[in-house]
Amino acid sequence: MSHPPADLAELEIGELEAALDALGVERFHARQLYRWIYKRGITDVDRMTDLSRPLRETLKSEFTVTTPRVVGDDVSVDSTRKLVLELADARRIEAVFIPDTPAMTFCISTQVGCAMSCGFCLTGKMGLLRNLTAGEIAGQVRVLAAATGMLDHAFNIVLMGMGEPLHNYDSTMKALRMLHSEHGLAVSPRRVTLSTVGIVPGLERLAREPLMPNLAVSLHATTEEQRTMLVPPNRKYPLAAVLEACRRFPLKKRSRITFEYVLLDGVNDTPEDARRLARLLAGIKSKVNLIPLNPAAGIPYERPSDERVSRFAEILADRHITVSVRKSRGRDIRAACGQLIVEGGSTKSAAQQIALLMP
Ligand code: SAH
């Protein structure tokens with residue numbers, strides 16, 4: 001009987017155990033496989049020396065292990081490192097290693113492109129080409145950990161690369177479960193931050209997840225009108241509804257929601273905006289992360305002066321809001337926020353794509 005081999009990279013450990021069971025192979029080998037693939041970064045079954053030869057032959061005929069291929073590797077003057085990864089269908093994504101911030105952080109993608117089309121983001125200009133699979137999302141972490149010598153070290157993961165994680169909900173959460181396995185990389189959900197434009201049904205689902213990452217919400221504006229202009233999904237999920245979902249979001253002790261706010265010169269960075277932002281966040285356990293725009297050709301906004309950024313931050317701080325200003329990293333290699341983009345676009349307009357894809 002011939003059938004296409006299953007991809008081990010797409011299986012949670014329970015699924016892998018069931019697949020082995022079905023072949024009459026003892027389930028405990030799933031843990032060994034997970035250790036090789038995740039913990040040791042080895043996907044070639046012939047190198048899995050604690051498996052018997054006949055078992056290796058069975059595994060080779062039944063399974064493949066797909067891993068994103070590194071086709072670009074750039075290091076910034078600030079040590080940020082950007083990998084361009086090619087997937088099985090030759091599509092490309094980007095994954096970024098940001099050292100010492102203060103922990104080591106991997107910034108990974110959840111989609112090829114993005115359908116959200118935020119007005120200041122280059123990835124948004126690509127449109128959405130496709131969702132990543134769980135194996136492709138987790139695979140970025142395997143590749144980054146191996147490439148940076150971090151397989152045996154704790155690291156943070158931010159879902160802040162290309163794509164909108166709540167727009168690819170199931171694969172994103174499955175990837176987190178795969179990365180969480182104690183037999184693999186054992187990444188604690190406390191070390192993972194999911195960043196979203198605020199797709200309300202997705203936030204509500206996330207609120208019920210057993211394995212819940214930290215939450216970051218990309219706010220970027222303080223009025224409905226302005227947010228709709230900058231973050232088009234606001235039309236469907238207005239600011240008020242996003243904040244309401246945040247108010248209801250169950251937070252662990254000591255944890256808070258991070259609100260990201262990209263500062264655009266003369267657009268959303270006035271003292272009045274800052275005061276309105278403070279009022280909107282009243283009653284939410286929150287902190288604010290200000291991101292001065294990373295400008296780029298084709299983006300019709302400017303980065304505000306440092307004085308404007310400080311003034312905005314001070315107004316929030318005066319109102320007892322914890323605020324940080326994100327230092328932009330890797331701009332020289334286009335690895336900074338909103339600069340991840342790979343060649344090849346979609347023919348559909350962003351609006352058409354949102355209409356097609358929103359739940
Ligand atoms: N789609 C998710 C994940 C992307 S995270 C989200 O929107 O949250 C990337 C973060 O960088 C978001 O907060 C995004 O708004 C911000 N960003 C996008 N373009 C940027 C730019 N040109 N300069 C600075 N930050 C930008």
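In what follows, residues are counted from 1 in the order of the sequence shown. Indexing begins at 1, ligand by ligand and atom by atom, following the structure's order. It should be emphasised that the depicted structure is a prediction, and the values quoted were computed from it without experimental measurement.
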Going by the rule salt bridge (Lys or Arg N to Asp or Glu O under 4.0 Å), which residues pair with D89 if we only count those two or more places apart in sequence or in a different chain? R130
Check this for me, if you would: do K82 and D74 make a salt bridge, where the nitrogen-to-carboxylate-oxygen distance has to be below 4.0 angstrom? no
Given side chain to side chain donor-acceptor pair (under 3.5 Å), test N168 with T110 step by step and report yes or no. CA-CA 7 Å; N168 184 16; T110 54; 5.4 Å; no
Could you check whether R191 makes a cation-pi contact with F155, meaning its NZ or CZ is under 6.0 Å from the centre of the six-membered ring and within 45° of the ring axis? no
Heavy atoms from other residues, nucleotides or ligands near CD of E302 exceed 12 (cutoff 6.0 Å): no
For ligand 1, would you mind listing the residues that have at least one heavy atom less than 4.0 Å away, ordered by chain and number? F120, C121, L159, M160, G161, G163, E164, S195, T196, V197, S218, H220, E260, V262, I291, L293, N294, C337, G338
For R247, is the CZ atom crowded, meaning more than 12 foreign heavy atoms sit under 6.0 Å from it? yes
